[in-house]
Engineer: 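Please see the structure below; I have some questions.
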2 protein chains.
Amino acid sequence: MSTAARARLDPVDPSLLRGLRDHVHEALRRAIVSGEIPSGAALNERQLAEELGVSTTPIKEALRRLENEGLAVTEPRRGTRVTFDARQAEEMALARAALEGMIARLAAQRVDDAALAAIQATVEQMRAATAEGDVPRLIALNEQFHDAIHDASGCRYLHRLIEGQRVYDHTARSIILGDAEERGRAFAEHAAIFEALARRDPDAAETAMRDHVVRSGRHHVKAAFDRRKEQAS
Amino acid sequence: MSTAARARLDPVDPSLLRGLRDHVHEALRRAIVSGEIPSGAALNERQLAEELGVSTTPIKEALRRLENEGLAVTEPRRGTRVTFDARQAEEMALARAALEGMIARLAAQRVDDAALAAIQATVEQMRAATAEGDVPRLIALNEQFHDAIHDASGCRYLHRLIEGQRVYDHTARSIILGDAEERGRAFAEHAAIFEALARRDPDAAETAMRDHVVRSGRHHVKAAFDRRKEQAS
DNA sequence: TGCTGAAATTTGATATATCAAGCTCGCGAC
DNA sequence: GTCGCGAGCTTGATATATCAAATTTCAGCA
């Protein structure tokens with residue numbers, strides 16, 4: 001066997017080659033969350049199919065998924081409408097907070113030293129990026145930080161569920177983190193979460209994580225919907 | 001206008017008239033959660049279509065939904081497989097606990113006296129049904145209790161999200177509540193949740209609700225998967 | 001016997017056709 | 001003028017056809 005003679009390769013993940021339905025879903029989700037498609041707007045299958053240059057089949061699948069995520073509702077034989085307003089964005093942020101808190105609690109119980117060291121390294125990089133005001137880097141580190149905690153918890157289902165509660169896009173994130181004060185607050189919160197994990201203190205980890213996500217989520221929602229109100233007037 | 005002369009009617013909800021995809025989804029979800037279709041089993045579109053006597057279109061939509069719920073994974077051009085094991089059931093129970101806790105917290109802040117009285121009435125009925133060992137009634141009251149709290153919170157999105165974390169079917173529920181000790185524990189917990197709501201104490205409400213759902217969830221998961229292990233041997 | 005590779009098969013992905021429920025709008029009766 | 005009613009249109013729901021990737025099968029060769 002030749003495999004014994006060379007380095008072992010990672011198996012490819014077939015799910016990376018995604019089909020049209022995922023592109024359609026992503027495009028629609030982005031447009032809905034960013035407010036480009038307002039709440040209440042109709043999502044016409046044939047119209048979307050023509051606009052996106054695909055058939056109605058992948059459109060239907062994408063719409064079903066949006067429906068399941070709570071971003072759209074379908075009335076049989078009537079049509080699908082977007083349902084995403086400030087109220088729902090707040091609830092999604094709260095859901096995220098509750099779930100991130102729970103996963104942080106589990107991570108505090110299960111994290112090993114290697115993972116803890118990696119998280120600490122991320123926090124140190126965040127400290128630097130925060131001081132420098134390197135926003136794109138901060139966004140990447142943010143994700144890395146939260147993903148590392150999810151990994152440490154070992155909870156894949158919770159991770160997936162949390163990912164589904166995103167109420168901001170990359171652009172919104174950039175705007176928020178453009179403010180130095182917000183960067184400072186976020187860093188302090190991240191540091192507190194790390195400290196709790198380092199002490200393997202589940203209660204503290206959950207509280208710190210939840211407070212962070214609640215505050216940050218509120219900030220995002222307020223900023224996003226205030227902006228929309230302005231643009232509307 | 002004749003409407004002024006008679007009682008106002010509630011608007012009909014068109015979503016009650018559901019199509020094939022919802023039936024397919026429900027059938028599959030039930031089969032997966034109950035263990036009838038084991039984790040790892042392939043879900044063949046054409047085979048399911050023939051079995052259920054429908055075309056592949058509603059099957060695809062149902063599979064997409066299951067995928068989004070985390071109960072199945074699809075590898076493009078390869079197929080869809082069930083993914084639901086004890087580990088995931090535990091995570092779903094934890095997600096439910098975190099979310100139910102959050103919604104109870106909000107309910108404690110927002111509940112009005114009328115809703116509180118209704119919840120209290122439900123608890124009193126639970127007391128009677130618990131003593132009598134009336135299991136079907138207890139199941140119904142349980143749902144009524146939790147739904148009333150969800151309503152009091154005003155959080156429709158959270159309510160939907162929580163409903164998606166169900167890891168037991170009606171049958172499992174009956175078996176669990178067949179045990180008098182379990183009925184007693186559940187009643188004490190429900191009473192504690194009500195007391196916290198009555199005091200408008202968000203922290204206590206969240207803690208009581210979460211503890212209840214965590215314990216009850218663990219019990220359900222353990223019972224369900226122990227039973228499967230036995231049947232397998 | 002064991003390996004290679006091409007053909008056949010399976011299966012999901014996508015496109016298209018068909019059906020029926022709702023909606024729109026205007027004609028006509030009162 | 002208003003209400004009733006139906007023809008025609010719109011649209012989602014469902015079924016079927018087509019395409020291509022992935023897998024399997026098996027003949028042919030070393």
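Side chains included, hydrogens not; waters and symmetry mates left out as well; all remaining heavy atoms used. Proteins come first, then strands; the chains are lettered A, B, ... in the order of their sequence lines, and each starts at number 1. These figures come from a predicted structure and were not determined experimentally.
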Engineer: Going by the angle between their ring planes, with limits at 30° and 60°, are A/His190 and A/His212 parallel, tilted or perpendicular?
Structural biologist: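 Taking A/His212 first and then A/His190, their aromatic rings stand perpendicular (interplane angle over 60°).
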Engineer: Verify the contact: side-chain N or O of A/Arg21 to OP1 or OP2 of C/dA13, cut-off strictly under 4.0 Å; return yes or no.
Structural biologist: yes
Engineer: Can you list the residues that meet the salt bridge (Lys or Arg N to Asp or Glu O under 4.0 Å) rule with A/Glu26, with sequence neighbours excluded?
Structural biologist: A/Arg18
Engineer: May I have the distance from B/Arg81 (atom CZ) to C/dT11 (atom C1'), rounded to whole angstrom?
Structural biologist: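 That distance rounds to 15 Å.
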Engineer: List in chain and number order the residues that pass salt bridge (Lys or Arg N to Asp or Glu O under 4.0 Å) with A/Glu50, two or more places apart in sequence or in another chain; answer none if no residue qualifies.
Structural biologist: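 For A/Glu50, no residue satisfies salt bridge (Lys or Arg N to Asp or Glu O under 4.0 Å) once neighbours in sequence are set aside.
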Engineer: In whole Å, what is the span from the CZ atom of B/Arg77 to the P atom of D/dA21?
Structural biologist: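 Atom-to-atom, B/Arg77 to D/dA21, this comes out as 6 Å.
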Engineer: Do B/Arg156 and A/Glu91 sit within salt-bridge range, that is, some charged N less than 4.0 Å from a carboxylate O?
Structural biologist: no
Engineer: Answer yes or no: is there an ion pair linking B/Glu69 with B/Arg29, defined by an N-O contact shorter than 4.0 Å?
Structural biologist: yes
Engineer: Could you tell me how far apart A/Leu48 (CG) and D/dT10 (P) are, to the nearest whole angstrom?
Structural biologist: 17 Å
Engineer: Short of 4.0 Å, heavy atom to strand atom, which residues of residues 39-47 of chain B count as contacting DNA chain C?
Structural biologist: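 B/Leu43, B/Asn44, B/Glu45, B/Arg46 - these, ordered by number, are the residues of the stretch whose heavy atoms sit under 4.0 Å from the strand.
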Engineer: Taking CD from B/Glu50 and P from C/dT11, how many angstroms apart are they, rounded to a whole number?
Structural biologist: 12 Å
Engineer: How close do B/Ile103 and B/His150 get, counting heavy atoms only, and between which atoms?
Structural biologist: CG2-CD2, 3.6 Å
Engineer: Which pairs with one or both residues in residues 104-116 of chain A pass salt bridge (charged side-chain N to carboxylate O under 4.0 Å, His left out), sequence neighbours excluded?
Structural biologist: A/Arg105-A/Asp203, A/Arg105-A/Glu206, A/Asp113-A/Arg200
Engineer: What heavy-atom pair brings B/Ala107 and B/Ala152 nearest, and what distance separates the two atoms?
Structural biologist: CB-CB, 4.2 Å
Engineer: Measure from the side-chain heavy atoms of A/Pro58 and tell me the nearest of C/dA15, C/dA13, D/dT14.
Structural biologist: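 So the nucleotide nearest the side chain must be C/dA15.
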Engineer: Look at the side-chain N and O atoms of B/Ser55 and state whether any lies under 4.0 Å from the OP1 or OP2 oxygen of D/dA15.
Structural biologist: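 For B/Ser55, the contact criterion (side-chain N or O under 4.0 Å from OP1 or OP2 of D/dA15) is met.
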Engineer: Mind grabbing the angle between the end helix axes of the helix from C/dT1-D/dA30 to C/dC30-D/dG1? Five pairs an end, 10° rounding.
Structural biologist: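 Both end axes considered, the difference amounts to 10°.
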Engineer: Output the residues of residues 59-67 of chain A in contact with DNA chain C, where contact means a heavy atom of the residue under 4.0 Å from an atom of the strand; sort by number or write none.
Structural biologist: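 Under 4.0 Å from DNA chain C: no residue of residues 59-67 of chain A.
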Engineer: What pair of heavy atoms forms the shortest contact from A/Ser34 to A/Ala31, and how long is it?
Structural biologist: OG-O, 3.2 Å
Engineer: Reading DNA chain D from 5' onward, which residue's closest nucleotide shows up sooner: A/Thr57 or A/Thr80?
Structural biologist: A/Thr80
Engineer: OP1 or OP2 of D/dT23 less than 4.0 angstrom from a side-chain nitrogen or oxygen of B/Arg78, does that happen here?
Structural biologist: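 Checking D/dT23 against B/Arg78, a side-chain N or O does come within under 4.0 Å of OP1 or OP2.
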Engineer: Can you name the closest pair of heavy atoms from A/Met92 and A/Gly164 and give their distance?
Structural biologist: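 Nearest heavy atoms, A/Met92 then A/Gly164: CE-O, 3.8 Å.
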Engineer: Do A/Arg64 and A/Glu67 sit within salt-bridge range, that is, some charged N less than 4.0 Å from a carboxylate O?
Structural biologist: yes
